[in-house]
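The structure appears right after this line, and notes come after that.
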Amino acid sequence: MSITEAMNTRHSVRQYTDKALGEGVVLALKEEIDACNRESGLHIQLVTNEPKAFDGFMAHYGKFSGVTNYIAMIGKKGPTLEETCGYYGERLVLFAQQLGLNTCWVAMTYSKIKTAFVLSSGEKLCIVIALGYGATQGVPHKSKTIQDVVKAEEPLPGWFQDGVKAALLAPTAMNQQKFTFSLTDNRVSVKAGMGFYAKIDLGIVKYHFEIGAGETGWTWGE
């Protein structure tokens, strides 16, 4: 499965089977997490066979079941932490999809099990990503149009449209898609809207845009 296919087929899943993660899958996830940590300076950790985080009232209220594996998005406290966690977390979400796993971003409906991960000095747990073998593959979310999230003069170049289309496939908090793209020459800017986890959403959306737009012919602007 290509990363583009993963992006198109991945949907949030909250109910999981009891199928365990195989050694090869765990090794691949850890290697990708290590790569993300080296690039980002984050302290992302994979937690496996840990059922307590999703066994409380809030998790059941959020309709989670069968979650025993998750990725803890951890890093140094600072103004860029949430966006960085969103960007690299979504990289891991799509990588997991390529491995045949399902995922769900989880902001509040879980319990922090302090023995399950390590927080170094000055670090915080930003958000977690539930993962495993889903009872279903999830369903597509309702999406805005390109025109809803772009402020730029027509005609829009093809690479830009492809990037925004990819961004519209990105998971966002409450599926609100509170972001706006603009284009000046070949410089792309995207701003987060107001609301909880908007900065995490911004990182997720940026990663998707990069996949859709490709690596050449444009740059991020302010």
Side-chain angles (χ1 to χ4, degrees), residues 1-14 16 21-22 24-42 44-46 69-73 75 82-106 126-134 136-141 143-144 146 149-150 156-173 175 177 179 181 183 186 188 190 192 197 199-220:
M1 181 188 295
S2 71
I3 192 166
T4 301
E5 289 171 331
M7 186 172 60
N8 279 278
T9 58
R10 184 269 166 194
H11 310 298
S12 295
V13 171
R14 297 186 177 216
Y16 293 82
L21 303 184
V25 168
V26 170
L27 179 60
L29 285 169
K30 287 183 175 179
E31 287 180 347
E32 186 68 7
I33 286 171
D34 288 344
C36 289
N37 284 336
R38 285 193 299 270
E39 287 184 27
S40 64
L42 295 173
I44 307 166
Q45 297 161 50
L46 176 66
N69 310 292
Y70 53 94
I71 297 171
M73 300 300 300
E82 290 184 329
E83 183 179 329
T84 305
C85 282
Y87 184 93
Y88 284 94
E90 187 63 10
R91 171 172 158 177
L92 292 168
V93 160
L94 296 182
F95 182 76
Q97 187 76 19
Q98 290 177 291
L99 293 175
L101 301 174
N102 303 100
T103 53
C104 186
W105 285 90
V106 190
C126 187
I127 197 167
V128 304
I129 300 165
L131 84 164
Y133 295 98
T136 71
Q137 294 299 307
V139 295
H141 60 67
S143 180
K144 294 181 178 180
I146 292 177
V149 297
V150 169
L156 301 172
W159 60 264
F160 182 78
Q161 294 186 57
D162 289 342
V164 176
K165 287 176 184 176
L168 288 168
L169 293 172
T172 57
N175 189 33
Q177 297 181 309
F179 53 84
F181 281 92
L183 177 66
N186 287 333
V188 178
V190 57
Y197 310 108
K199 291 182 179 179
I200 291 175
D201 289 349
L202 186 64
I204 296 172
V205 164
K206 279 187 170 183
Y207 188 70
H208 272 242
F209 183 91
E210 289 177 4
I211 294 170
E215 296 180 354
T216 60
W218 68 278
T219 60
W220 286 116

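Computed from a predicted model, the values in this text were never measured in an experiment. Starting from 1, each residue takes its place in the sequence as its number.
No donor-acceptor pair under 3.5 Å is formed between the side chain of N102 and the backbone N or O of Q137. With hydrogens and angles disregarded, no donor-acceptor distance shorter than 3.5 Å links the side chain of Q45 to the backbone of A72. Judged by distance alone, with hydrogens and angles left aside, the side-chain atoms of D201 form no donor-acceptor pair with the main-chain N or O of T172 at under 3.5 Å.
For C126 against E82, the heavy-atom pair with the smallest separation is SG-CG, 3.8 Å. In terms of heavy-atom proximity, Q98 sits nearest to S2 at NE2-C, 3.4 Å. Taking each heavy atom of H11 and T9 in turn, the nearest pair found is CD2-O, 3.3 Å. What you find for V205 and A167 is that their closest heavy atoms are CG1-CB, 3.7 Å. Taking both residues in full, the closest heavy atoms of Y197 and A173 are given as CB-CB, 4.2 Å, listed atom of the first, atom of the second, then distance. In terms of heavy atoms, S40 sits closest to Y88 at CB-CE1, 3.4 Å.
With values rounded to the nearest 0.5 angstrom, L29 atom CG is found 5.5 Å from L99 atom CG. Rounding to the nearest 0.5 angstrom, the gap separating the CG atom in L46 from the CD atom in E32 is 12.5 Å. Note that CG of N69 is 5.5 Å distant from CG of L131, once rounded to the nearest 0.5 Å. Here the SG atom belonging to C36 is positioned 9.5 Å from the OH atom belonging to Y87, to the nearest 0.5 angstrom. Taking CG from N175 and NZ from K144, the interatomic distance works out to 9.0 Å, rounded to the nearest 0.5 Å. Here the CD1 atom belonging to I211 is positioned 10.5 Å from the CZ atom belonging to R91, to the nearest 0.5 angstrom.
Listed by chain and number, the residues in a ring pair (Phe, Tyr, Trp, His ring centres under 6.0 Å) with F181 are F179, F209 (sequence neighbours excluded). Applying the side-chain contact (heavy atoms from CB on, under 4.5 Å) criterion to N8, with sequence neighbours excluded, gives T4, L169.
V106 places none of its side-chain heavy atoms less than 4.5 Å from the side chain of Y70. Counting heavy atoms from C-beta on, the side chains of M73 and I200 never come closer than 4.5 Å. Using a 4.5 Å heavy-atom cutoff, the side chains of R10 and S12 are in contact. You'll find the side chain of Y133 reaches within 4.5 Å of the side chain of L21, heavy atoms only. Contact check for T103 versus P171: no side-chain heavy atoms found under the 4.5 Å cut-off. Looking at S143 and K165, their side chains never come closer than 4.5 Å, going by heavy atoms from C-beta outward. The shortest distance between side-chain heavy atoms of E90 and M7 does not fall below 4.5 Å. Two residues are said to be in side-chain contact when any heavy atoms from C-beta on lie closer than 4.5 Å; H208 and L94 meet this criterion.
Within 6.0 Å of NZ in K199 there are 12 or fewer heavy atoms belonging to other residues, nucleotides or ligands.
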| task | Give the intermediate values and the outcome of side chain to side chain contact (heavy atoms under 4.5 Å, CB included) for residues V93 and I204. | result | CA-CA 10 Å; V93 160; I204 296 172; over 6 Å; no

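Note on residues 211-220: pairs passing side chain to side chain donor-acceptor pair (under 3.5 Å), not counting sequence neighbours, are E210-W220.
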